Amino acid sequence: MLPKLLSREFYERSPEIVAERLLGKRLGRKLGETLLEGIIVETEAYFGLNDPASRAYHGRKNYNSAMWEQPGIAFIYNVHNNWMFNVVAHRSNQIGAVLIRALEPTKGLSVMKRNRPVRNTFDLTNGPGKLTKSLGIDKKLNGISIVSRESEIFITDTNAKFETSSSHRIGVRKDLAKKLRFFIKGNKYVSR
DNA sequence: AGGAAGATCTACT
DNA sequence: GTAGATCTTCCTA
C-alpha cells in the first residue's frame, strides 16, 4: 500500500501548526525516473504582514505572491545564492508558509551527492540551502502543487514516533515572541 | 546603480 | 564556537 499523501486540507491551518505537524513526514522529489526522498526533521513557520521576518511582511510582490495563494503549493525564493523551499500553509484568506530547514536523506543519496558533492553525508541536507541543492530544487518549481502524486515534489505521511522541540527562528533579524522553529530532538540532520 | 537578504563555506581563536 | 567573504536574485530609485 502506498503511503498516504498529505492533502490540501493538511495545509489549510496556521503555519505554526503545519510546521510542527510536518516533522517526521516524508518529502519526495521526482527527478525524471529517479526518486529522492528524505524525512523532514526541521521546519520554521512564517506569517504575513505582521511578521517582520516573513517574506510577506512588505506586502505582495511578484516573487512572494505564492504566500497569498492556495495552501499546498511550493514557495521558493533565493537568499545569498541559496534557494529556500517552503510550503504555503495558512487558513483561508490569510498569508503564510513553512520553511523546510533540514531533512534526513533516505533515498537517492548517490544522486544527491552528485548534485551537491560533500565529504560527509550529514552535510547533504542539514540546512535549507543545502537540501534544495541536493534535491535539485530551484525557482522553476515555485508555485507548483505538492498535493498530487504526479507532482515533482510531494509529502507523505508516516507513523514514526519521536520527540520534538522548538526554538526561535534562525538567522532572522526581528523575530516574534513565539518560538516558531520546530525540530526532531536529537536528530543528527538538524542544522544546529 | 545600489543595497539587502530566513545561508554557506572557509579559516581561524 | 565566531568572523568575514561570497557575488545571486529581486527590491527601490
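Keep in mind that what you see is a predicted model, and the values were worked out from it rather than measured. Within every chain, numbering begins at 1; the chains are lettered A, B, ... in the order of the sequence lines, protein sequences first and strands thereafter.
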Test applied, side chain to side chain contact (heavy atoms under 4.5 Å, CB included); reference residue, A:Phe10; option that passes from A:Val147, A:Ile155, A:Leu22: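 Among A:Val147, A:Ile155, A:Leu22, the one that satisfies the side chain to side chain contact (heavy atoms under 4.5 Å, CB included) with A:Phe10 is A:Leu22.
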
Can you check whether A:Arg116 has a side-chain N or O nearer than 4.0 Å to OP1 or OP2 of B:dC9?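 Yes, A:Arg116 has a side-chain N/O under 4.0 Å of OP1/OP2 on B:dC9.
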
Phosphate-side-chain proximity, A:Lys130 and B:dC9, N/O vs OP1/OP2 below 4.0 Å: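 Indeed, a polar side-chain atom of A:Lys130 lies that close.
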
Can you list the steps and then say if A:Glu44 with A:Tyr46 is a side-chain hydrogen bond (donor to acceptor under 3.5 Å, both in side chains)? CA-CA 7 Å; A:Glu44 281 177 359; A:Tyr46 287 86; 2.7 Å; yes

Spacing between [X] atom [atom1] and [N] atom [atom2], to the nearest angstrom:
X        : N     : atom1 : atom2 : result
A:Tyr63  : B:dA4 : OH    : C1'   : 10 Å
A:Phe85  : B:dT8 : CZ    : C1'   : 20 Å
A:Asp123 : B:dA7 : CG    : C1'   : 14 Å
A:Leu99  : B:dA5 : CG    : P     : 17 Å

Boundaries of the chain A footprint along DNA chain C (any atom under 4.0 Å from a heavy atom):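 Counting from the 5' end, contacts occupy C:dT8 to C:dT12.
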
Only counting residues at least two apart or in another chain, list the ones meeting side chain to side chain donor-acceptor pair (under 3.5 Å) with A:Thr106.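 Listed in chain order: A:Glu37.
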
Would you kindly confirm whether A:Leu99 and A:Tyr57 end up in one hydrophobic cluster when ILVMFWY residues are joined by side chain heavy atoms under 4.5 Å apart?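 Looking at the clustering, A:Tyr57 is in a separate group from A:Leu99.
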
We want to know whether A:Thr121 and A:Lys113 form a side-chain donor-acceptor pair, criterion being a heavy-atom distance below 3.5 angstrom.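 A:Lys113 and A:Thr121 do have a side-chain donor-acceptor pair below 3.5 Å.
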
Apply the test salt bridge (charged side-chain N to carboxylate O under 4.0 Å, His left out) to residues A:Arg169 and A:Asp51: give CA-CA distance (whole Å), side-chain angles for both, the deciding distance (0.1 Å), then the verdict. CA-CA 12 Å; A:Arg169 295 176 293 188; A:Asp51 179 357; 2.8 Å; yes

For C:dC7, the Watson-Crick or wobble counterpart (both distances under 3.5 Å):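 Base partner found: none.
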
